[in-house]
Every structure is written in structure tokens, then in C-alpha cells.
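First up is the structure itself, then whatever we jot down about it.
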Amino acid sequence: MASHGPEQNENAIDRLNDNLTSASQKVANNKKIIVWVLGAILIVGAFVLSYFFIYRNPHLKGASEAYNGVELKSMGNDSIATAEYKKVADKYGNTPAGHLAALEAAENYYDMGKYKEALECLDKAKMSDPVLKANATIMKGDCYVNLKQYDKAISEFKKAASQESKNEQIAPRALMKAAVVYDEKKDYAAALGCYEQIKTDFPDFQIGGGSIDAYIEREKARLGK
């Protein structure tokens, strides 16, 4: 911001004073401004209170009730449950219950082999819990694998590993998935990098009771090392 010298400040004050014909007018105008400001504050305050008591709280309650009522409506029918969860997600998408409903719908769609629909629901599932968020990201990667969009799948798996980089279950599992996709693409060097990262960051991680070393040796052999 440019600085203003004393003369500029004096000129600004003079111009302001020229617009006021007397000291009494200045006081009156200041009082009007204060009244307007206080009025605006009261209006905003009333609006905020109305939002929470008239809309937000009932909306949250409605979302929770709708989410909890899905199982009763579906009576164990997965197709009905999926449709009902999607309805809750669409109607209450800006609430925690709406996000959970979107995740539930995504899981059901995935199990049905409807990966595009699952991805659409996952995009609506904004999880605040870091573990749920990372698992949702892994599911997106799995959807892309099934759609043979391998680059997108790898991106999601690596994102999940980054989101929960200290989690000894999620991060290495996500990196393993990324490595498998790299192998499918015959990018053995990248796959080796994933396995070596697992060994470095999670030395106690085991697969089926075995260590990661066998996978590392396999990739090295493929690379002629």
C-alpha cells in the first residue's frame, strides 16, 4: 500500500470537512452511522440465530433420522438400501449424515460392480474422519482399477498413503495397491519404489505372514538387478 505524507493527509481531512457544514452535522451523521451499524449487526445476528434454530438444527436432525431409517426401509435388500442411501446423500449432502449415506451408497454400488455410480457417490462423501477419508480414497482407486483407468487409480492410492502416512495399516496397503497397478502397466521400477517405501517406512508390515522382501526381490529380478 502506498504511504501518504502529511500534506496528503491534511488535504484529505480538508476535503472531508468541506462536506460537513458544521460540527453538529458531523455528530448527527456519526450517530446515524452508529445506528446503521448496530442495526446491521442485530439483523445479521437475528439471521444467524434463525438459521440455526429454524433451518440448520432441524436439517441435521432430519438428515440423521433419514440415514438411520434406511435399514428399516430396505429390510435387508441391498438394492433398496443403495437407492435410499443415495436419496439421503442427495437431499442432505451438506451434513455428516449425508456424507455417510454417500459412502454407504458407494460401497453398495462397488459391490454390485457399478463403479461409475460408486465414484459419483464417493465424490459426495466428504469425510472429516481421517481414516474414513483415506479408505474412501482407496475405494476410488479400486473403482478406477476396475474401469482400467490405471493412472487415476495410482493417483488415488498414493493420495491415500499420503493422507494417512503414519497409519501402519492404511498407508502400506495403499502403496501395495499402487505397486500392483504399476506391475499391470509393466512399470516395474515404480512398483519397486512402492515396495521399498513400505520396507523403509513400515518395516514390520507383513503380507500373508511374509515380509515385503519377496516382492522387492521379484521386482529387482524383473529389472535384471
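All residue numbers in this chain count up from 1 along the given sequence.
Note that the CD atom of Gln149 and the OG atom of Ser155 stand 12.0 Å from one another [nearest 0.5 Å]. The distance from the OG atom of Ser165 to the CD atom of Gln197 is 9.5 Å, given to the nearest 0.5 Å. For the atom pair Lys159 NZ and Thr137 OG1, the distance stands at 6.0 Å (nearest 0.5 Å).
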- prompt: Given Lys220 and Glu196, is the side chain to side chain contact (heavy atoms under 4.5 Å, CB included) satisfied, shown in steps?
  reply: CA-CA 11 Å; Lys220 286 183 175 180; Glu196 288 180 335; 3.9 Å; yes
task: Decide side chain to side chain contact (heavy atoms under 4.5 Å, CB included) for Asp151 and Lys185; before the verdict, give the C-alpha distance in whole Å, the side-chain angles of both, and the deciding distance to 0.1 Å.
output: CA-CA 9 Å; Asp151 289 338; Lys185 295 181 62 179; 2.4 Å; yes
- request: Quick one: do Arg218 and Asp183 satisfy side chain to side chain contact (heavy atoms under 4.5 Å, CB included)? Show the steps, please.
  value: CA-CA 11 Å; Arg218 183 187 68 186; Asp183 275 334; 3.0 Å; yes
- prompt: Do Thr82 and Glu107 pass the side chain to side chain contact (heavy atoms under 4.5 Å, CB included) test, and can you show the C-alpha distance, the side-chain angles, and the key distance before you say yes or no?
  reply: CA-CA 9 Å; Thr82 303; Glu107 289 176 348; over 6 Å; no
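For the pair Lys86 and Asn108, the minimum side-chain heavy-atom distance is 4.5 Å or more. The closest side-chain heavy-atom distance from Tyr110 to Leu122 is not below 4.5 Å. Looking at Pro130 and Glu164, their side chains come closer than 4.5 Å, going by heavy atoms from C-beta outward.
Apart from Ile170 itself, the hydrophobic cluster it occupies contains Val131, Ile138, Val145, Tyr150, Ile154, Phe157, Val181, Tyr182, where clustering links Ile, Leu, Val, Met, Phe, Trp and Tyr at side-chain heavy-atom distances under 4.5 Å.
Transitive grouping of hydrophobic side chains (ILVMFWY, heavy atoms separated by less than 4.5 Å) keeps Leu119 and Tyr109 in distinct clusters. A continuous path of hydrophobic side-chain contacts links Leu223 to Ile198 [ILVMFWY only; heavy atoms under 4.5 Å].
Of all heavy-atom pairs between Leu103 and Ala136, the closest is CD1-CB, 4.1 Å. When all heavy atoms are compared, the tightest approach of Glu219 to Ala191 is OE1-CB, 3.8 Å. Of all heavy-atom pairs spanning Asp123 and Lys126, the tightest one is O-NZ, 2.8 Å. Pairing each heavy atom of Met127 with each of Leu100, the nearest pair is CE-N, 3.8 Å. Taking each heavy atom of Ala118 and Cys143 in turn, the nearest pair found is CB-SG, 3.7 Å. Across every non-hydrogen atom of His99 and Lys124, the tightest pair is ND1-O, 3.0 Å.
Residue pairs meeting the ring pair (Phe, Tyr, Trp, His ring centres under 6.0 Å) criterion with at least one member in residues 201-225, sequence neighbours excluded, are Tyr195-Tyr215.
Checked against side chain to side chain contact (heavy atoms under 4.5 Å, CB included), Asp213 has the following partners two or more places apart in sequence or in another chain: Lys199, Ser211, Ile216.
Under 3.5 Å, the side chains of Asn135 and Arg173 contain a donor-acceptor pair of N or O atoms.
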